[in-house]
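To start, the structure under review is shown below, and the notes come after it.
We use all heavy atoms of the structure for the numbers below, so side chains are in, but hydrogens, waters and symmetry mates are not.
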Amino acid sequence: MGFFHAMCNSDARLDTKTVIVTGSNAGIGKCTVEDFYKRGARVIMACRNRSKAEKSRDDIIQNCHDAGKNLGEIAIVELDLTSFRSIKECAKKLAAEEQRINILVNNAGIMFNPEGRTEDGYELQFGTNYLGHYLFTLLLLPKLIESAPARILNVSSFVHMLHWGRLTLDDLNWKKRRYNPTQSYYQSKVCNILFTKELARRLKDANIEGVTVYSLHPGIINTELTQHFDSAYFSGFRWLFSNIGGLFFKSATQGAQTTIHCAVDENAGKENGLYYAECAPKKPSWQANNMEDAKSLWDISWKMVDLPDDYNIFRGAEDVQT
């Protein structure tokens, strides 16, 4: 358990609010769901593995058995961020069936994975951590605007600062370079922040009010994301990380605090496009502050996810082919 961590001090309720949390069957995502559930929200766990999500939902409900009568509800939808087909099907279902979507937490992620490809041919960490969430957010944005006030949270990491130089915009998909699992992960986290900044800019330019977007660093947490540490660094690194460094790392509950703060704090709701850590705005790396790269990344990503040229992110379309 970490010795130094900020806590979300807001007691704001989320009654009548609907929240989506991706990758929420474990770790900080699960803790985030539990907090929102206690605040009275309808929380939708968007997860790839339904059986794991169902078990986590049952755990949360059991944990909150004595928490009082003002609890919310928890639903589950299947979402595989490595598949554009799955993302489109999930977004279409949510937009059609939910009366409102007030908070979207793009929490799901993988770390330091061996080289792999998504269903649509994109490098696995870039595709899962960033590109899948980019598409999912744009497809749900009209519903979020309709439900305003609404917030979008993109979980990044302070390790984005370890990325070597500017984004390699002509090789985001790691086809020209030798694959590097750590730099691929760092790249995806830079992309999360640049996406946040560019989306905030576009919302402002379109005079869209009541929708705010943030990126954040949750803290260093020893979760199942560390499973590939030995292959990314050296044999035994995961053990050292867990047993030596773990004395200073956060629990999952502590790690969820900045996400919760950005979702419920009144002052955070007045801001847009900021990067948070320890429940407060922080300055990201210069790479993640480059608005020229933010626009270029957006344009490249648009082509990658193959949205129609006339798709309006603020109003949507009658149908996006799945």
Side-chain angles (χ1 to χ4, degrees), residues 20-23 29 46-48 77-92 94 104-141 144 152-157 159-160 163 166-177 179-202 213-216 225 287-288 290 293-309 311 313 316 320-322:
I20 300 170
V21 186
T22 69
C47 302
R48 183 173 59 179
V77 294
E78 292 186 28
L79 172 66
D80 182 353
L81 288 163
T82 69
S83 165
F84 291 164
R85 174 190 51 78
S86 173
I87 293 167
K88 291 176 181 179
E89 289 176 353
C90 182
K92 187 174 182 178
L94 290 169
L104 171 60
V105 182
N106 290 320
N107 167 82
I110 56 176
M111 179 187 287
F112 300 164
N113 285 59
E115 187 170 11
R117 297 281 156 179
T118 68
E119 181 178 286
D120 303 278
Y122 295 101
E123 189 276 313
L124 198 57
Q125 294 189 96
F126 172 75
T128 304
N129 297 348
Y130 162 68
L131 194 61
H133 280 129
Y134 169 88
L135 176 59
F136 192 53
T137 301
L138 295 193
L139 294 178
L140 290 179
L141 189 57
L144 285 153
I152 301 165
L153 283 59
N154 295 316
V155 177
S156 182
S157 171
V159 300
H160 78 274
H163 184 266
R166 289 178 61 177
L167 285 182
T168 307
L169 290 166
D170 65 345
D171 192 27
L172 292 168
N173 204 25
W174 292 87
K175 288 190 173 181
K176 300 177 182 179
R177 297 169 289 168
Y179 179 70
N180 182 311
T182 57
Q183 285 299 310
S184 171
Y185 179 71
Y186 304 156
Q187 169 189 268
S188 72
K189 294 305 176 180
V190 173
C191 290
N192 291 148
I193 301 173
L194 289 175
F195 170 47
T196 299
K197 289 182 173 295
E198 180 65 10
L199 178 54
R201 184 189 69 79
R202 288 173 183 255
V213 54
Y214 323 92
S215 58
L216 64 99
L225 285 177
Q287 297 99 320
N290 189 315
D293 282 357
K295 182 182 184 305
S296 296
L297 175 65
W298 179 289
D299 293 340
I300 293 168
S301 302
W302 186 279
K303 293 179 181 178
M304 286 179 166
V305 301
D306 198 28
L307 282 172
D309 290 341
Y311 181 79
I313 62 170
V320 175
Q321 294 298 318
T322 57

Does the salt bridge (Lys or Arg N to Asp or Glu O under 4.0 Å) test come out yes or no for E89 and K92, once each step is laid out?
CA-CA 5 Å; E89 289 176 353; K92 187 174 182 178; over 6 Å; no
For the pair N154 and L216, evaluate side chain to side chain contact (heavy atoms under 4.5 Å, CB included) and give the outcome as yes or no after the intermediate values.
CA-CA 6 Å; N154 295 316; L216 64 99; over 6 Å; no
Are K303 and D299 close enough, and set up right, to give a side chain to side chain contact (heavy atoms under 4.5 Å, CB included), and what steps lead you there?
CA-CA 7 Å; K303 293 179 181 178; D299 293 340; 5.8 Å; no
Evaluation steps, side chain to side chain contact (heavy atoms under 4.5 Å, CB included), between L167 and N290
CA-CA 10 Å; L167 285 182; N290 189 315; over 6 Å; no
What verdict does the side chain to side chain contact (heavy atoms under 4.5 Å, CB included) test give for Y186 and F112, after you've listed the backbone C-alpha separation in whole Å, the side-chain angles of each residue and the deciding distance to 0.1 Å?
CA-CA 9 Å; Y186 304 156; F112 300 164; 4.0 Å; yes
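Side-chain contact check for D306 versus F84: every heavy-atom pair is 4.5 Å or farther apart. Under the 4.5 Å side-chain criterion, counting only non-hydrogen atoms from C-beta, D170 is in contact with K176. Contact check for V159 versus T182: no side-chain heavy atoms found under the 4.5 Å cut-off. Annotation: side chain of L81 is not in contact with side chain of L135 (no heavy-atom distance under 4.5 Å). Side-chain contact between L199 and L141 is present, with at least one heavy-atom pair separated by less than 4.5 Å. At least one side-chain heavy atom of L140 sits less than 4.5 Å from a side-chain heavy atom of I20.
A donor-acceptor pair under 3.5 Å is absent between the side-chain atoms of K88 and the main chain of S83, judged by distance alone. A distance-only check finds no donor-acceptor pair linking the side chain of N192 to the backbone of V190 [under 3.5 Å]. Judged by distance alone, with hydrogens and angles left aside, the side-chain atoms of T128 form no donor-acceptor pair with the main-chain N or O of T82 at under 3.5 Å. Remark: side-chain polar atoms of D171 are paired, donor with acceptor, to backbone N or O of R177 under 3.5 angstrom. The backbone N or O of H160 lies less than 3.5 Å from no partner atom in the side chain of H163, so there is not a single donor-acceptor pair. Using modelled atom types, no side-chain atom of Y130 and backbone atom of S301 make a donor-acceptor pair closer than 3.5 Å.
Between F195 and the choices Y134, F126, F136, the ring-ring contact (aromatic ring centres under 6.0 Å, His included) rule is met once, by Y134.
Relative to the six-membered ring of W298, R202 meets both conditions, a distance below 6.0 Å and an angle of at most 45° to the axis.
The nearest pair of heavy atoms linking C90 to V77 is SG-CG2, 3.7 Å. Shortest non-hydrogen contact noted between W302 and I313 is CZ3-CG2, 3.5 Å. Scanning both residues, A91 and L139, for their nearest heavy atoms gives CB-CB, 3.7 Å. Contact detail for A46 and L79: the closest heavy-atom pair is CB-CD2, 3.8 Å. Of all heavy-atom pairs between N173 and G121, the closest is ND2-O, 3.3 Å. Of all heavy-atom pairs spanning E123 and S184, the tightest one is OE1-OG, 2.8 Å.
With rounding to the nearest 0.5 angstrom, the NE2 atom of H133 is 8.0 Å from the CD1 atom of I87. Distance check: L104 CG to T22 OG1 gives 7.0 Å after rounding to the nearest 0.5 Å. Distance check, rounded to the nearest 0.5 Å: CG of L169 to SG of C191 gives 8.0 Å.
Side chains of S188 and N129: a donor on one and an acceptor on the other come within 3.5 Å.
The existence of a salt bridge linking E115 and R117 is confirmed by a sub-4.0 Å separation between a basic side-chain nitrogen and an acidic carboxylate oxygen.
Atom CZ of R48 has 12 or fewer neighbouring heavy atoms from other residues, nucleotides or ligands inside a 6.0 Å radius.
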